[in-house]
Amino acid sequence: GDTVQILEKCEGTYIQIMENRQRKKETPTPVSTHHLFVHLKSLMSSNLGEDLEVFFFIYDSRENKPLSERFFVKLNKNGLPKFPEKTERQCTLFVDLGSGDLRKDVYIVVHIIRIGRMGAGEKKNTCNVQYRRPFGCAVVSIADLLTADSKDDHLLKVYACNTESDWSQIHDNIIKKVNSRYNLSGLAVALQLLHGDIEQLRREYMVLFTRGVSITKKLGFSDVIMPGEMRNDLYITLEKGEFEKGGKSVARNVEVTVYALDADGQILKGFVAVGSGEPGGDEYHAFVLYHNNSPRWAELIKLPIPVDMFRGSHVRFEFRHCSTKDKGEKKLFGFSFVPLMQEDGRTLPDGTHELIVHKCEENANLQDCARYLKLPFSKSDLPGNNQTMKGTKESLWITSFLCSTKLTQNGDMLDLLKWRAHPERISDSLSKLKEIDGSEIVKFLQDTLDTLFGILDESSQRYALKVFDCLVHIINLLQDSKFQHFKPVMDTYIESHFAGALSYRDLIKVLKWYVDRIIEADRQEHIQQVLKATEYIFKYIIQSRRLFALATGGQNEEEFRCCMHELFMSIRFFLSQENKGSRPITQTQAVFLQSFPAVYGELLKLFTVREVATFIRETLGSLPTASQADCPLEAVKLHCIAKTVESQLYTNPESRCILLPVVLRLLQAHMQEQRDLIMCAHILTCMLILKNILELYLSILGEFVTCLLALLRHMKDRHYQQLLKRFTSKDELRDFLLHIFTVFRILIRPEMFPKDWTVMRLVTNNIIITTVLYLSDALRKNFLNDKFDYKVWDSYFCLSVIFINQPCLQLETFSASKRKKILEKYGDMRVMMGCEIFSMWQNLGEHKLNFIPAMIGPFLEVTLVPQPDLRNVMIPIFHDMMDWEQRRSGNFKQVEAKLIDKLDSLMSEGKGDETYRELFNSIIPLFGPYPSLLKKIERETWRESGISLIATVTRLMERLLDYRDCMKLGEVDGKKIGCTVSLLNFYKTELNKEEMYIRYIHKLYDLHLKAQNYTEASYTLLLYDELLEWSERPLREFLSYPMQSEWQRKEYLHLTIIQNFDRGKCWENGIILCRELADQYESYYDYRNLSKMRMMEASFYDKIMDQQRLEPEFFRVGFYGKKFPFFLRNKEFVCRGHDYERLEAFQQRMLNEFPHAIAMQHANQPDQTIYQAEAQYLQIYAVTPIPDSQDVLQRDGVPDNIKSFYKVNHIWRFRYDRPFHKGTKDKENEFKSLWVERTTLTLVQSLPGISRWFEVERRELVSRSHETHPPHHKVRIRNSMQSQMHNALWLRSVILCLFYFSQAFFVKDYIMNHPEDGDKIVRLRELMFDYPAVNRYSSSSLSSQASNEVSNITGQSESSDEVFNMQVSAWAAIG
């Protein structure tokens, strides 16, 4: 067992250190601070009719107290925000929630107050006075937000209180589900938890903060108090009141008005805050409870009064009876008050205060506050003989709570900080420091430390011991997780503010005094606290000495060194002691050793490495060698050694040679006694890594490995049986199996043996699989059914998967002879392990559900190993997984999602092949009738959905295989881009997996950028942009995007797309996005960015008019034959050519991309033999775009620079014409039988788009003869001839065409046989002889001229083909 453990630990530690050594500083700390984002949308209720005030706060139902301030939103009579244009008033961020606050019994509580008449059902009368009255309450557990979908709004049920007297505890009643009823209204709220410190949120959600979203603070400080945090908030809760009837027959309707007043009695304007979200007011009116002399409010208000105004200020509470009669009078009948600061500078203590209600009349003058401030304010402060006022029934109860980083309620802290004013209190103040709350101390940390060292400098003889004890208390206080962030504050204080140049003498003296008394002390607790603070005590000693040396030029150096040596002598003496009697000195020794390594770095500031190494060697060498095995000192001793080996002293050769003997001596003692072998292995590993002697490391481990493997190799069946019988309990057997599986995983790691140790690896693997076969039986017998243990089974499956995937077992990579030898001696161990996995899986029964979907990925990776037998064994497991998941959930969506995600990642890594796809497809027949699986109807559904899944996975694999093969190529070409487009569309349309879809969008975008296809890159990124909205929804970190709001990400995408449209000279599209972004900036009054966007838009217009853009050519490409990739096979596309690229260049480029393709030399549609051929055929010809924007192109006055864009952009349809002879070809005049076939191609997407080519979705054929529209052709002739008059050759061709026209259509036979074309023939004749270039020839001379031209041409050629071609060219030019 120990051998297994030390091997596991040694190897594990080695790998971890090597991997983590460089990124040690980058390890993220767990998030301990959380924040709640709240956005109130509306209150959905049909019977409002009055304005509402909505208050949110976080409530701890366990402690029955609020945890936060209140967030306040005003709603109108329709239940909508009263100020809809000010969205920041509808949102807030509850900040600084601790991890302990995210639990089930912490709630978000919503109180709703209506503003209106006293009774909700009262009819309107002449009284216009409005009261704040209870309306409803809603609660939701904050723990529910951890699992809720943050994209959806929450609809909170609003409950009404049965009785007003219970209003103060309505939320508790709702939580406890008692005494409340649902009034059929709902509050629509967006709630989302955010994580991280507030500064991180400010960076990631910048828009949220720039718009002024309100911050709702926690009551009190957060779990982690940060240095520099500034707060001065006084919270007052109106708890309850007791009032007399005042001569009335019924109870009063009491309204409390709260004012904050300064020392002069002036109202502090804007300092009474009801809640965040709304600005503070000058006064506050509590809600009114109908006919209630004992109202309970529990309303919280905040008074953020500045520190300099606290002294002399007070809060006044005025009480009025609210009449419900017609006049609706509010009559003053009393008041209470409370000062905020006492005479000695202490603030109002936290807690509940019973305030005196002073009676007064309506016309009482309360503005002269000096008159009533002389009166007593609290019943607890009344003198004992004032029984009259103590006995009065009328009282107001309030609870106050101060959260301040500048003011204190603690008199002892004030006495300490003002020690010079009261020197007689110094001793008492130092003694009471330990009783002061830690948050008070850290608030005044620097002032407190200055005080302590000031006292030490002036009265060291008298107060040195007490100052030292106070310093120890503060240092240990910062070890608390709540205050640990103040350690850097103390570090900064020591480095930059500490000025005690003489303090080191007293600190050394007192520390030595404590160490010298350890042995004789009966109680060790206080001394242990001193030793816990050793690190910072030495920091103060070293810094003090450095300050003294700097000020005096290094005086008293010998004295200092002598004191330090004496201190270490005392330490060594105390460490050398063994336990005597009842004094637990070993515990104290352990406390010192825990903090001792932290001192090394401080000592190096004043001593050489050799001196410090000597200190350490002698100190550690003084430890007692003989000790009990269960002594806690032994483990701490090893940890101290480990820290020493990891320190900079051990990396230095000069100090390492001094430390090595004591380290080895302590290690040897532990290893000989077989104690703490895991820690010993860790220390050895660190030592060897630091010395960089890997060979020695392997030789040491080799002894363990050799022994273990030799032992296992010689074990037979009876040995395994004896071994397993020795385990007396299931826990022991479980631990053994976990350890041995872990060791096996270590042994099969590639780095375990040198690369060329193939035989050693094969022997090791053979031993491992033999052992696993024996142990799997124990696993089945002891950890199945009711004794099932997930961890052991998971460890087993993980080992099996890693075993099969080892590089050394992939026989396909070896030569044929080597593969044959391995198979003869060991067989294919992958298949053996695969069969074992299948067998163990079948034994799991219903426990298979524990491994779904976790094991889908690992098992899928095994099936991708190109071994047919292994695949045949493993693939049926997926059928089993689907079956069990169907039983549990009624579907196997989990299996499907995991299967697809893992397939994508594994295939992208280069795993899998065409055979694998076919084999996986063969699982479909497994979905036959299984009567025992499901009921008949479920069986049919299960079978269909199973076949559908496999078909989907197969189609995905086809695309993934194509994608993998294409990505192996070097440069970016159309094949890579087309393959990525195919996969991207598959994830969107067939799988609806948005995350994968977005990933491939960015892969395609990167390909386009690399190929400088900037327009296509813009269209690609636009796909992601269109998925986003202009909202403040927080988005997680994804791909290269940081955590940010949806608005920020969409803005970034817009800017990137605009930039790429600019680079691709597609400015018209960029203008559209500029306008959209400008509208957003304008809506947020971001005029700076609005100006930039408008200027960019203007620059695009300039570029359209000033810069030249080339019109690209378009080419139709057909890919025929079964050798093309799936996404191209037997499909036709239209491609947008590069700049200056003509047909010949494009054909050559395509043949370079597909070097095995055969170019087809005709434009005819291929037959089935071409489609099914085991070859590649390319058919390429140019096509003409058919623009959709005809209105722009036909409008007069539109510049050509603008028209050129619409001719070649947003094109869905293309055409091409193919001349052919219909019927028998007339040898004398070929125009008689010449027809033109026009084909229109419609694409699946317009060009340009996310690719330079898109598939043809539909083709339409239109056959027409050349004579059908002679006027149209004549117009074309005229336009062409005007521009080509200088071209004699072209003119000669036209004359030939006209001649053939006349021979074809003006002859008697044609006119007699086609009487229906009479009008067209007349019109053709008029147009032909209406043109000046033709007019100068008569009909006969034209005939003669044409005959001569024909003779000249035919005389120079061997056949009439050239004549025909010239005729076709001329015809194409004019028609």
Side-chain angles (χ1 to χ4, degrees), residues 57-60 62-70 96 98 100-101 168 216-223 225 229-241 256 258 260 268 271-275 284 296-307 309-317 336-356 376-382 395-417 432-444 448 477 480 482-483:
F57 61 93
I58 297 176
Y59 179 74
D60 186 342
R62 184 193 301 172
E63 301 293 333
N64 293 323
K65 66 177 184 180
L67 296 178
S68 73
E69 304 173 354
R70 299 196 297 177
D96 295 332
D101 298 329
S168 61
T216 307
K217 299 177 182 177
K218 191 174 181 181
L219 289 181
F221 294 104
S222 59
D223 288 355
I225 301 178
E229 186 174 347
M230 299 294 293
R231 284 187 73 176
N232 196 61
D233 300 323
L234 176 65
Y235 297 96
I236 292 182
T237 304
L238 288 175
E239 296 289 359
K240 61 179 180 177
V256 183
V258 184
L268 293 172
F271 286 112
V272 180
V274 184
Y284 175 63
R296 292 178 178 269
W297 301 282
E299 278 203 286
L300 177 71
I301 60 175
K302 180 174 75 170
L303 306 176
I305 300 173
V307 175
M309 299 175 68
F310 236 73
R311 183 176 290 277
S313 296
H314 70 282
V315 180
R316 187 171 72 217
F317 307 89
S336 298
F337 71 94
V338 59
L340 301 185
M341 186 174 281
Q342 302 176 27
E343 291 296 326
D344 61 0
R346 284 180 292 170
T347 59
L348 179 69
D350 291 347
T352 302
H353 311 276
E354 183 181 358
L355 304 185
I356 300 167
F377 67 90
S378 171
K379 289 193 176 182
S380 62
D381 294 337
L382 287 173
S395 295
L396 172 70
W397 281 267
I398 66 168
T399 300
S400 67
F401 174 71
L402 178 68
C403 183
S404 175
T405 55
K406 288 297 181 183
L407 298 175
T408 181
Q409 301 166 329
N410 194 293
D412 296 332
M413 176 59 76
L414 285 173
D415 290 343
L416 179 63
L417 296 178
K432 292 177 180 178
L433 180 69
K434 297 178 184 178
E435 301 171 10
I436 298 175
D437 183 74
S439 59
E440 293 290 313
I441 294 175
V442 297
K443 279 197 299 187
F444 306 101
T448 305
L477 182 69
D480 190 316
K482 185 173 183 179
F483 308 116

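On a predicted model such as this, the values are computed, not experimentally measured, just so you know.
Here the CD1-CG distance, from Ile305 to Leu340, works out to 5.0 Å after rounding to the nearest 0.5 Å. Ser400 OG to Ile236 CD1: the interatomic distance, rounded to the nearest 0.5 Å, is 6.5 Å. Atom CD of Glu299 is separated from atom CD1 of Ile398 by 14.0 Å, given to the nearest 0.5 angstrom. A distance of 13.0 Å separates CG of Leu300 from NZ of Lys65, quoted to the nearest 0.5 Å.
By the side chain to side chain contact (heavy atoms under 4.5 Å, CB included) test, Leu477 pairs with Ile441, Val442, Phe483, sequence neighbours left out. Legend: residues meeting ring-ring contact (aromatic ring centres under 6.0 Å, His included) with Tyr235, ordered by chain and number and at least two apart, are absent. With sequence neighbours excluded, the residues forming a salt bridge (charged side-chain N to carboxylate O under 4.0 Å, His left out) with Arg316 are Glu318, listed by chain and number. Shown here are the salt bridge (charged side-chain N to carboxylate O under 4.0 Å, His left out) partners of Asp60, two or more places apart in sequence or in another chain: Arg103. The side chain to side chain donor-acceptor pair (under 3.5 Å) check on Thr399 picks up Glu239, Thr352, with sequence neighbours excluded. Residues forming a side chain to side chain contact (heavy atoms under 4.5 Å, CB included) with Ser68 (at least two apart in sequence, or on another chain): Phe57, Ile58, Phe94.
Residues His353 and Val338 fail the side-chain proximity criterion, which asks for heavy atoms closer than 4.5 Å. Looking at heavy atoms from C-beta onward, Leu303 lies out of side-chain contact with Phe271 at the 4.5 angstrom threshold. Looking at Phe310 and Leu402, their side chains come closer than 4.5 Å, going by heavy atoms from C-beta outward.
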